[in-house]
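Heads up: the structure comes next, in structure tokens.
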Amino acid sequence: MEWLTAPFEVAFVQRALWAGILVSAICALAGTWVVLRGMAFLGDAMSHGLLPGVAVASLLGGNLLVGAVVSAAVMAAGVTALGRTPRLSQDTGIGLLFVGMLSLGVIIVSRSQSFAVDLTGFLFGDVLAVRESDLFLLGVALLLALAVSVLGHRAFLALAFDDRKARTLGLRPRLAHAVLLGLLALAIVASFHIVGTLLVLGLLIAPPAAALPWARSVHAVMVLAALLGAAATFGGLLLSWHLRTAAGATVSALAVALFFLSHLASGLRRRRPARRPGPAGPAVAPAATSPTS
């Protein structure tokens with residue numbers, strides 16, 4: 001039992017655990033829509049697109065979070081604008097913005113003789129360096145993400161499964177898409193200084209994707225994804241403490257491992273022979289593997 005509790009008796013590990021739980025909840029709210037709409041590449045591009053703002057903020061001695069917010073807003077606006085270009089596919093526009101923003105960030109960093117920007121921290125984060133003020137900001141971000149998710153749920157749902165139906169219902173799919181990009185940007189900005197931009201997709205995509213085969217509704221996917229993300233955080237911090245590995249990378253790796261275990265278990269469940277109908281009637285139909293509401 002001491003092996004389980006010893007790491008979490010240390011104050012900075014406790015803060016890291018709470019930060020991971022809050023980030024998991026935020027990522028569950030945004031990541032569910034990312035998985036349902038197949039927006040993983042967009043999430044990757046937006047996470048790397050934060051570099052120019054973070055680099056400028058660091059070189060000027062400003063707040064890195066503010067720089068990340070500015071870059072995320074530029075990326076979201078650029079994706080929205082390029083998405084309206086009829087002869088340009090969305091993936092092409094996202095790829096161009098991805099490369100352009102990342103290149104701009106590297107150029108800004110390379111112009112600094114002191115290399116004031118800690119690229120390692122930006123790419124991989126430092127979950128063990130979380131402060132109490134960071135926990136407060138994550139709490140505010142979670143409340144904001146929850147409000148956006150509740151208010152936009154109907155529009156997001158129609159947009160994810162039937163774009164034409166969203167137009168028919170007067171839900172303004174373009175506006176809904178822009179708000180969804182804002183929710184994604186919020187999750188990435190809130191998470192990047194915890195697990196880094198390279199690892200943020202681990203918590204953004206893996207838990208919702210792992211929850212998908214076991215949930216009957218979008219709400220259930222979100223709740224289960226948050227629980228899986230919290231479990232990955234706890235297990236990742238525990239393993240990193242005893243194995244002396246990078247905490248953020250261990251958390252993300254465990255989240256991805258949970259995804260593979262989930263889909264392996266789901267595949268084994270589907271291979272079980274169906275029960276033969278008894279005298280009382282036919283067997284119960286298996287649970288749906290994709291949410292519908």
Side-chain angles (χ1 to χ4, degrees), residues 17 20-48 91 94 124-125 127 145 149 153 156-157 159-162 180 183-184 187-188 191 194-240 243 245-275 283-293:
L17 176 61
I21 291 173
L22 292 172
V23 167
S24 296
I26 297 171
C27 288
L29 293 172
T32 297
W33 300 113
V34 170
V35 171
L36 291 177
R37 296 203 64 203
M39 297 165 57
F41 179 52
L42 174 59
D44 189 26
M46 290 192 69
S47 64
H48 286 80
D91 283 347
I94 293 172
F124 301 104
V127 68
S149 298
H153 178 78
F156 295 162
L157 189 66
L159 189 65
F161 293 103
D162 194 340
L180 187 57
L183 179 62
L184 175 59
I188 292 173
S191 308
I194 305 298
V195 294
T197 59
L198 285 180
L199 304 177
V200 67
L201 287 183
L203 290 178
L204 190 67
I205 296 177
L212 201 59
W214 308 96
R216 292 177 177 267
S217 69
V218 173
H219 294 113
V221 173
M222 291 178 175
V223 172
L224 185 55
L227 293 176
L228 289 172
T233 299
F234 178 85
L237 290 174
L238 183 66
L239 289 174
S240 70
L243 300 179
T245 56
T250 307
V251 169
S252 294
L254 187 55
V256 175
L258 289 176
F259 160 76
F260 285 111
L261 288 175
S262 170
H263 280 260
L264 177 61
S266 177
L268 293 175
R269 182 187 65 172
R270 288 196 299 268
R271 289 183 180 181
R272 289 180 180 177
R275 290 191 305 172
V284 178
T289 57
S290 60
T292 57
S293 63

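Taking all atoms of both residues into account, the shortest heavy-atom contact from I26 to A145 is CG2-CB, 4.4 Å. Residues A210 and F259 share a closest heavy-atom pair of CB-CA, 3.6 Å. Taking all atoms of both residues into account, the shortest heavy-atom contact from A187 to S191 is O-OG, 2.6 Å. In plain terms, the two heavy atoms of L228 and L258 that are nearest each other are O-CD1, 3.7 Å. Closest approach of V221 and A211 over heavy atoms only: O-CB, 3.8 Å. Contact record, A225 with P207: O-CB, 3.3 Å, taken as the closest heavy-atom pair.
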Would you be so kind as to tabulate the donor-acceptor pairs closer than 3.5 Å made by side chains of residues 245-253, with sequence neighbours excluded?
residue : atom : partner : partner atom : Å
T245    : OG1  : T250    : OG1          : 2.8
T250    : OG1  : A246    : O            : 2.6
S252    : OG   : L199    : O            : 3.0
S252    : OG   : G248    : O            : 3.3

Under 3.5 Å, side-chain donor or acceptor atoms of residues 27-39 against the rest of the protein: list the pairs with distances, not counting sequence neighbours.
residue : atom : partner : partner atom : Å
T32     : OG1  : A28     : O            : 2.7
R37     : NH1  : H177    : ND1          : 2.9

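With sequence neighbours excluded, the residues that form a side-chain contact (heavy atoms from CB on, under 4.5 Å) with L17 are F8, I21, T233, F234, L237.
Rounding to the nearest 0.5 Å places CE of M46 at 12.5 Å from CZ of F41. Remark: I188 CD1 to S47 OG distance equals 5.5 Å, nearest 0.5 Å.
Within the 4.5 Å cutoff, side-chain heavy atoms of L184 are placed close to those of L204.
The backbone N or O of H219 lies less than 3.5 Å from no partner atom in the side chain of H153, so there is not a single donor-acceptor pair.
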